2 protein chains.
Amino acid sequence: MATAWRLFYRDGLRIVGIDTILAEAGVAKMTLYNHFASKEELIIAILEKRDLEFRASLMDRVKAAGADPTQRLLAVFDWLEDWFASEGFKGCVFIRAVSEYPDPAHPIHQTAWRHKVAVKAALTDLCAAAGARDPAALGETLSLLIDGAIVTAHATQSTAPARSARATAAALLQLAQTSAT
Amino acid sequence: MATAWRLFYRDGLRIVGIDTILAEAGVAKMTLYNHFASKEELIIAILEKRDLEFRASLMDRVKAAGADPTQRLLAVFDWLEDWFASEGFKGCVFIRAVSEYPDPAHPIHQTAWRHKVAVKAALTDLCAAAGARDPAALGETLSLLIDGAIVTAHATQSTAPARSARATAAALLQLAQTSAT
DNA sequence: GCCGCAATATACAGACCTGTCTATTTTCTT
DNA sequence: AAGAAAATAGACAGGTCTGTATATTGCGGC
């Protein structure tokens, strides 16, 4: 549900009520509850859908960066900067879901974090392709850097963190490449 | 209010109701509303109190690390690891507040972020003392790294991100020191 | 001893929330 | 065209929330 996504992302998962979404979308309550057993299931479905769209968008940008593995990795940060600059940017819904449902055993918390694990795996692949000495370690580090940049960009409404992270990533990658062999 | 802090941190700012806090603390409603005009003011007061305690605790650890500026900077990450390992660790309340109140104009959002700005300033000082070429840039980067590590440690219930961040910080600091002069 | 302040218990208003139920209308399939 | 499936409107239950009002109790200072 596009409306649900928009409101959840704009205002927060907990604060937005079912009624609000239904009223704005012009959908009856029973229609929703015939597809999803609860608000929680709706949120999980939306998170999973966003996960796929998100990673697809990122990978498109990586592919568009060409064949050079270093450029492909750095394209991630250019993509970040565009995202930060986009209208209505309010941080990462997955980080926010983890924050709103702080119990690690909660289904929403776990679903949200699976997205981050998948992104980290993709980063690790890019690091490996770029010839990093320890792709897993660099992937982990870049993942931390990116999450920090997302939170900071959200709170400060600035795109600067993307460039900071990009510069750091470039330095770390060079370090991991040169000290190899 | 210690009880309010405990519940807010454990379960979330939005989900915990005034009544719950009052019942658990054994305090009457009017007592609360004589001190704070609203739940929002209570949250802001708690955040500001936590900000001071938090930074004091961090700075204690830095002081305990001795005089060597590099060791002092790295002590931040040891402190992080202890924090991640502590009982009931549920991430950073300031990051979570920003996530729960995503509107950057919201007083709670702004109050929470002031804490992060203060921490970054302290980091920048440590970077400068350690002889980094561009202390502001390194402080910014370490800040991103730390925020990412906090979120990741929360979601994965692991202390590993502290060590990843520490190793990265050490590498970046060395880079910033050697390429100086 | 007494005054004044602060905390208390309790009830309440008004709004919101999720999820259920019923009965009707629309839409799709065959 | 007819029957089945899905969407609709709308009321409802039972609970939650914040914030207010009232009337009572405890307690420290002088």
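Please read all numbers here as calculations on a predicted model, not as lab measurements. Only this structure's heavy atoms are used, side chains among them; waters, hydrogens and symmetry mates stay out. The sequence lines fix the lettering, A, B, ..., with proteins before strands; numbering per chain opens at 1.
The footprint of chain B on DNA chain D, defined by a heavy-atom cutoff below 4.0 Å, extends from D/dC17 to D/dT22. Read 5' to 3', the first and last nucleotides of DNA chain C with an atom closer than 4.0 Å to a heavy atom of chain B are C/dA7 to C/dA9.
The salt bridge (charged side-chain N to carboxylate O under 4.0 Å, His left out) contacts involving residues 119-128 of chain A comprise A/Lys120-A/Glu140, where partners must be two or more places apart or lie in separate chains. Listed by first and then second residue, the ring-ring contact (aromatic ring centres under 6.0 Å, His included) pairs that reach into residues 119-148 of chain A come to none, sequence neighbours excluded. For the ring-ring contact (aromatic ring centres under 6.0 Å, His included) condition, the pairs that include at least one residue of residues 115-154 of chain B, sequence neighbours left out, are A/His109-B/His154, B/Phe54-B/His115, B/Phe94-B/His115. Within the structure, ring-ring contact (aromatic ring centres under 6.0 Å, His included) contacts touching residues 7-35 of chain A (residues at least two apart or in different chains) are A/Trp5-A/Tyr9. Identified under the side-chain hydrogen bond (donor to acceptor under 3.5 Å, both in side chains) test for residues 87-104 of chain A, with sequence neighbours left out: A/Ser99-B/Ser99. Applying the salt bridge (charged side-chain N to carboxylate O under 4.0 Å, His left out) rule to pairs touching residues 143-158 of chain A yields A/Lys116-A/Asp147, sequence neighbours excluded.
Residues from residues 97-110 of chain B placing a heavy atom under 4.0 Å of any atom in DNA chain D do not occur. Within residues 22-37 of chain A, the residues that have a heavy atom under 4.0 Å from DNA chain D are, in order of number, A/Gly26, A/Val27, A/Ala28, A/Met30, A/Thr31, A/His35.
Residues passing the salt bridge (Lys or Arg N to Asp or Glu O under 4.0 Å) test with B/Arg61 are B/Asp82, sequence neighbours excluded.
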Report task. List the steps and the verdict of side chain to side chain contact (heavy atoms under 4.5 Å, CB included) for B/Gln177 and B/Arg133. Result -> CA-CA 6 Å; B/Gln177 286 169 335; B/Arg133 194 170 31 140; over 6 Å; no

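Looking only at side-chain heavy atoms (C-beta outward), A/Leu126 and A/Pro69 stay at 4.5 Å or farther from each other.
Taking the charged nitrogens against the carboxylate oxygens, A/Asp68 and A/Arg72 have no contact shorter than 4.0 Å, which rules out a salt bridge.
The closest side-chain donor-acceptor pair between A/Trp79 and A/Ser57 falls under 3.5 angstrom.
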Could you go through residues 162-170 of chain B and list every donor-acceptor pair under 3.5 Å that involves a side-chain atom there, pairing it with any protein atom two or more places apart or in another chain?
unit_1, atom_1, unit_2, atom_2, d
B/Arg163, NH1, B/Glu81, OE2, 2.5
B/Arg163, NH1, B/Thr159, OG1, 3.1
B/Arg166, NH1, B/Asp78, OD1, 2.9
B/Arg166, NH1, B/Asp78, OD2, 3.0
B/Thr168, OG1, A/Thr141, OG1, 3.0
B/Thr168, OG1, B/Ser164, O, 2.9

